[in-house]
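Please read the structure below before turning to the comments.
Below, chains carry the letters A, B, ... as their sequence lines are ordered, and counting in each starts from 1.
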Amino acid sequence: MIDIKKYISNEIKNSIPEINQEITFDNPKDQKHGDLTTNIALVYSKLSGKKPRDLALEISEKLNLDKNLISKTEIAGPGFINFFISDDYYRNILNDILANKNNFGKSTLNENNTANLEWVSANPTKPLHAGHGRQICLGKAIANLLEWTGYKVTREYYYNDAGNQMNKLAESVYARYMQIFNPEFPFPEDGYQGEYIKNIAQLINGMRKDALKNTFKNEEGKEFFKTAGEKYNFKIIRNTLNKLGINHDIFFNESDLYKNGDIEKLIEKFKSNGLAYEKEGALWLKMDEADGFDKDKVIVKSTGEPTYRLPDMAYHIDKINRGYDLILDIFGSDHGDTYKEVLYGVKSAGYDISKIKVIIHQMVTFKMGNESVKMSGRSDTSYYLDELIDDIGADATQFFFVMRGANTHLDFDIKLAKEQSDKNPVYYLQYAYARICGIFRNAETNFPDLITDNIDTKVLKTDEEINLLKTLSRFPEEVEDSASTFEPHKIITYLNKVASDFHTFYHNNRVLDVEQPELSKARLQLAQATKTILKNGFDIIGISSPERM
RNA sequence: GCGCCCGUAGCUCAAUCGGAUAGAGCAUCAGCCUUCUAAGCUGAGGGUUAAUGGUUCGAUUCCAUUCGGGCGUACCA
């Protein structure tokens, strides 16, 4: 298939050699403005000193474009040049979609590149919270998007099995265990409050009875409660991720960074570079005001334990050393400042951080219709991601979290997501897919002869048919655009247009019509192509493709 | 206080590198089921893009200030 933008761009440059800058095209919002538009005359008029409209006229008169591709060229507004692409061009795209099927839309943009996406990375101290869902679902879709543009993607989970929070977990489990025998046993002030800790304690009691009473004094005893809590929590976390169809390739243990000496090496590097200094028993990292930091940060506490920053830095250095072409992190806005500290540390240790990109998403507010759902992380009233998935289903969960741009606050209406009605935006897309499947079921039983890919695309000529073809043809550039900005919600916006155009087509154009077999055959294949685009889009955003609803 | 992000229709949100008359869904109102799934289609109303100023052929988009909201601002992660 010819790249039509490149074609016009080359033709313009050949006609007016003085124009040596990049010529860009937009898809006009208004159909009256054609299929492609360029503002080159507006941009170039500054350099040439000519009036934009005069320049646009000059360009369009010198152009000699293939009528089979471009049916019409117009000058409009302050000096836009609008191009009307021929219907035949779009009819040919139909064959392209049918030939490439589930690969249509995949690009070779990053064909030989590798990407590492690290996300979720929740501590094994508690089950995943509903708010985690935004990052989790975003990451799932972004990983898919990257693969669609050719990246070989490694999905990675940074597993925080070291540090202070694991000790708190051990203390919490132990206290709940002891409370089984003595309800008065004190629970740690800043312990983990959730019911799940009691479940862990009960499991331990079921296996070991009271054999572990008062064993918390020695390291071995502490280790037992820590490991028990960690394993239980991580099992729950992985189970939740499985419900969403998420499988990580690598679980990177924080503790390995201690075992293999990376943390120690990094400390030495900071010290020998004069970037770290000791004060009040702690080790501090010098932070540069020029990079927007107002004070230095502690990297090793006076207790001898590193703060979270240091292993995070060592971890990112490890990822850089693995040689990825793209290293992606996804964090909530509550980490908006801390990742900058980590990257600053990595940079000042002498590493190139240009391959690292960080996606920050804003927080989520959950609502049940008009009532807001309270979610305190400390109390038992927590709303877990597991519960959300059980309440509304995996598809609605994935869809609602990915539906909006990451960089804006998300209002998540659980009542709406749960509703099985036309108010729920998930079903609008899936219904279009199911409807096409229904047409094919009908065709298979009643009109099997009409199902053939030997069709004459010329018979497709109603406004609805051509319009649908135009929308379908945009899929590859939508994928590239969405992937380049790591914004999967753009795919949903696009799929809404696909579904809408299909429903309009369906309403006005009878697909299966024995009186007009050639037309029926072509329309069936148009429906098939629509089904392919919907399926490919669903695969990217990570929802299922139901054959019936 | 300082830093980052956000503010678009009654509500939830789109809007291509700065492009033409700012678009969808829900809600409201009016139509469309003897024909492939009405979880659908067609139409109507609804806007000083928080405010003010600036940059230019052109600003929701860039800059400045103000107002409003979120998140940070730990020897927690």
Would you say the ring centroid of H361(A) lies under 6.0 angstrom from that of F331(A)? no

For this output row, return yes or no: ring centroids of F234(A) and Y157(A) closer than 6.0 angstrom. yes

For rU42(B), does OP1 or OP2 lie under 4.0 Å from any side-chain N or O of T504(A)? yes

Classify the side-chain pair E487(A)/N407(A) by whether it contains a donor and acceptor separated by less than 3.5 Å. no

Measure the distance from CD1 on I330(A) to P on rA77(B) and round it to the nearest whole Å. 22 Å

What stems show up for RNA chain B when you take Watson-Crick pairs (N1-N3 plus N6-O4 or O6-N4) and G-U wobbles (N1-O2, O6-N3), both under 3.5 Å, and require three or more consecutive pairs? B:1-7 with B:67-73, B:10-13 with B:23-26, B:28-32 with B:40-44, B:50-54 with B:62-66

Taking only side-chain nitrogens and oxygens of K490(A), does any of them come within less than 4.0 Å of OP1 or OP2 of rU16(B)? no

Under-4.0 Å side-chain N/O to phosphate OP1/OP2 contact, H361(A) with rC4(B): no

Would H507(A) count as stacked on rG40(B) if the rule is ring centres under 5.5 Å and plane angle under 30°? no

For rA38(B), take OP1 and OP2 only and decide whether either is under 4.0 Å from a side-chain N or O of R435(A). yes

F366(A) ring center within less than 6.0 Å of F412(A) ring center: yes

With a 4.0 Å cutoff (strictly under), does any side-chain N or O of Y428(A) reach OP1 or OP2 of rC41(B)? yes

Spell out yes or no: do the side chain of Y427(A) and the base of rA39(B) have one donor N/O and one acceptor N/O closer than 3.5 Å? no

Starting at the 5' end of RNA chain B and moving along, which residue's nearest nucleotide shows up first, T408(A) or D337(A)? T408(A)

Side-chain N or O of K297(A) less than 4.0 angstrom from OP1 or OP2 on rU73(B)? no

Base of rG72(B) paired with side chain of D334(A) (donor-acceptor, under 3.5 Å): no

Taking OP1 and OP2 of rA39(B), is either one under 4.0 Å from a side-chain nitrogen or oxygen of K423(A)? no

Answer yes or no: does a side-chain N or O of N407(A) lie under 4.0 Å from OP1 or OP2 of rC6(B)? yes

Answer yes or no: side-chain N or O of S302(A) and base N or O of rC75(B) forming a donor-acceptor pair under 3.5 Å. yes

Output the rounded distance in Å from OH (Y494(A)) to P (rU16(B)). 18 Å

Is the F252(A) to Y159(A) ring centre distance short of 6.0 Å? no

NE2 of H409(A) versus P of rU8(B): gap in Å, rounded? 11 Å

Presence of donor-acceptor pair under 3.5 Å, side chain of T37(A) and base of rA20(B): yes

Hey, is F80(A) doing a stacking thing with rA20(B), by the 5.5 Å centroid and 30° angle criteria? yes

Do NZ/NE/NH1/NH2 and the carboxylate oxygens of K319(A) and D329(A) come within less than 4.0 Å? yes

In terms of the nearest nucleotide of RNA chain B, which residue is placed more toward the 5' end: P425(A) or G405(A)? G405(A)

Interface residues of residues 510-530 of chain A with RNA chain B (non-hydrogen, below 4.0 angstrom): R510(A), V511(A), L512(A)

Looking at rA20(B), does its base get a donor-acceptor pair with the side chain of N82(A) below 3.5 Å? yes

Between E74(A) (CD) and rA20(B) (P), how many Å, whole number? 17 Å

Spacing between N39(A) atom CG and rG18(B) atom C1', to the nearest angstrom: 9 Å

Give a yes or no on whether the backbone of A432(A) and the side-chain of Y506(A) come within a donor-acceptor separation of less than 3.5 Å. no

Are K295(A) and rA74(B) close enough that a side-chain N or O sits under 4.0 Å from OP1 or OP2? yes

Checking N27(A) against R474(A): is there a side-chain donor and acceptor pair closer than 3.5 Å? no

